[in-house]
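Below: one structure, written as structure tokens.
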Amino acid sequence: MKTSPNLVLPSPDFTCNPPGCVFKAGVRPFRRNTYRLEIQAFGPKHVVHNYGHGGAGITMSWGCADAVVKLVRTLVPNGTRARIAVMGAGVMGLTAATLLTPDHDVAIYADRATGTTSDVAGGQWAPSVVKYDAKNAKAKQQFEDILRTAYTMHQSRGPSFGVSPRVNYTKVESDTFGKVPSDVVPPPDKLNHLPFQHLTSPGFGYHTLLVEPPVLLKRLRDDLAAANIVPQHKVFRSVQDVISLNETIIVNCTGLGSGKLFNDPDVIPITGQLVWLPAQAGLEWLYSTGQTYVFPRSDHVVVGGSYECKVDDENPDPVKCAHILKMARDVFAGRSFATADARPWLMRNK
């Protein structure tokens, strides 16, 4: 489906009046070079690592969960029902537990049952702020297969999991969508002008998905609870705490915590500041270019775009959030902001 050249879409109301307007901060669990998806042996126990997805956790979740299931199969005799521990109750842990549950006895251990990084995510389906080894043919194939599986599984679950088709508008061609195989997200529509009243520069329209985290995560938690799988509170401070679990197969979805737990120096935090505006009817599109993104959802209009590398702080900064909001407001009003006004913490410096 092509975007209409005569389309004029409604712009957001960027008025920020608390308590309807909320400032947030989320810490992306980024890993240099590539995410980690592999088995590590600790004597008779095996840890299946699944972490380091940066800002692409929800995007890649079902694909990585499917890959975890396949890795577990290499450890379990065919037809055997194993006891499996899943560490972490964000989207990676919840989707892995969901796919493992039909064939195994699963327990989830986490320091947080809610309020995870996934709960603060924007929800655009795009492999954002994630690395993989593009020069390695096998690694590239694995990454693309994960994206294919993830997209298909998100799409097949539909609105009851918070999934809906959206066009993501950009001013320039997207490096992020450039990572996605064309059979998953096709080449974008080239637009003579973007379809907004004041944001009318040439641009592109990518046909992708919106995955609303509050809907998705609630559904995953409810479905697991119906199967009597509720996260058990546990804080892991060392590898010894991990291998002391009763289960012999342990799926590690602790994200940022994996850096300290497994002495992985490639794991670094990338904090993003966000503004949650009140939900607004009729905004059925996504926008992302450079330092600004706007994702209208059923619960909020999410405004973001900052990248604070090596900063691990979930407390929002009101000054930074206000600046992000001003930038988005200026973009949709047709105003440009001076490059000198950009802040170092807005840059993608990885």
Just grab all the disulfide bond (SG atoms under 2.5 Å apart) pairs involving residues 192-280, residues at least two apart or on different chains.
none
Salt bridge (charged side-chain N to carboxylate O under 4.0 Å, His left out) against D264, all qualifying residues, sequence neighbours excluded:
R31
Going by side-chain heavy atoms closer than 4.5 Å, which hydrophobic residues are tied to V311, directly or by a chain of links?
none
The ring-ring contact (aromatic ring centres under 6.0 Å, His included) partners of Y132 (sequence neighbours excluded) come to F143
Less than 4.5 Å apart, side chain to side chain, heavy atoms only: is that true for Y35 and M60?
yes
Scan residues 21-75 for pairs that pass disulfide bond (SG atoms under 2.5 Å apart), counting only residues two or more places apart or in two chains.
C16-C21
Do the side chains of F204 and S174 get nearer than 4.5 Å, heavy atoms only?
no
Would you please name every residue forming a salt bridge (charged side-chain N to carboxylate O under 4.0 Å, His left out) with D145, sequence neighbours left out?
R148
Partner set under ring-ring contact (aromatic ring centres under 6.0 Å, His included) for W276, not counting sequence neighbours:
H300
With Y287 as partner, the option from L199, V303, N168 fulfilling side chain to side chain contact (heavy atoms under 4.5 Å, CB included) is L199
Residues passing the salt bridge (charged side-chain N to carboxylate O under 4.0 Å, His left out) test with D175, sequence neighbours excluded, are none
Please list, chain by chain and in numerical order, all residues satisfying salt bridge (charged side-chain N to carboxylate O under 4.0 Å, His left out) with K218, sequence neighbours excluded.
D222
T101: partners by side chain to side chain contact (heavy atoms under 4.5 Å, CB included), with sequence neighbours left out
V106, L224, A227, I229
Please tabulate, for the side chains in residues 90-100, all donor-acceptor contacts under 3.5 angstrom to protein atoms that are two or more places apart in sequence or on a different chain.
unit_1, atom_1, unit_2, atom_2, d
T95, OG1, V91, O, 2.7
T95, OG1, M92, O, 3.3
T98, OG1, L94, O, 2.7

Among all residues two or more places apart in sequence or in another chain, which pass the ring-ring contact (aromatic ring centres under 6.0 Å, His included) test with H104?
none
Determine, step by step, whether V130 and K179 satisfy the side-chain contact (heavy atoms from CB on, under 4.5 Å) criterion, reporting the C-alpha distance in whole Å, the side-chain angles of both residues, the deciding distance to 0.1 Å, and the verdict.
CA-CA 10 Å; V130 61; K179 301 174 186 176; 4.2 Å; yes
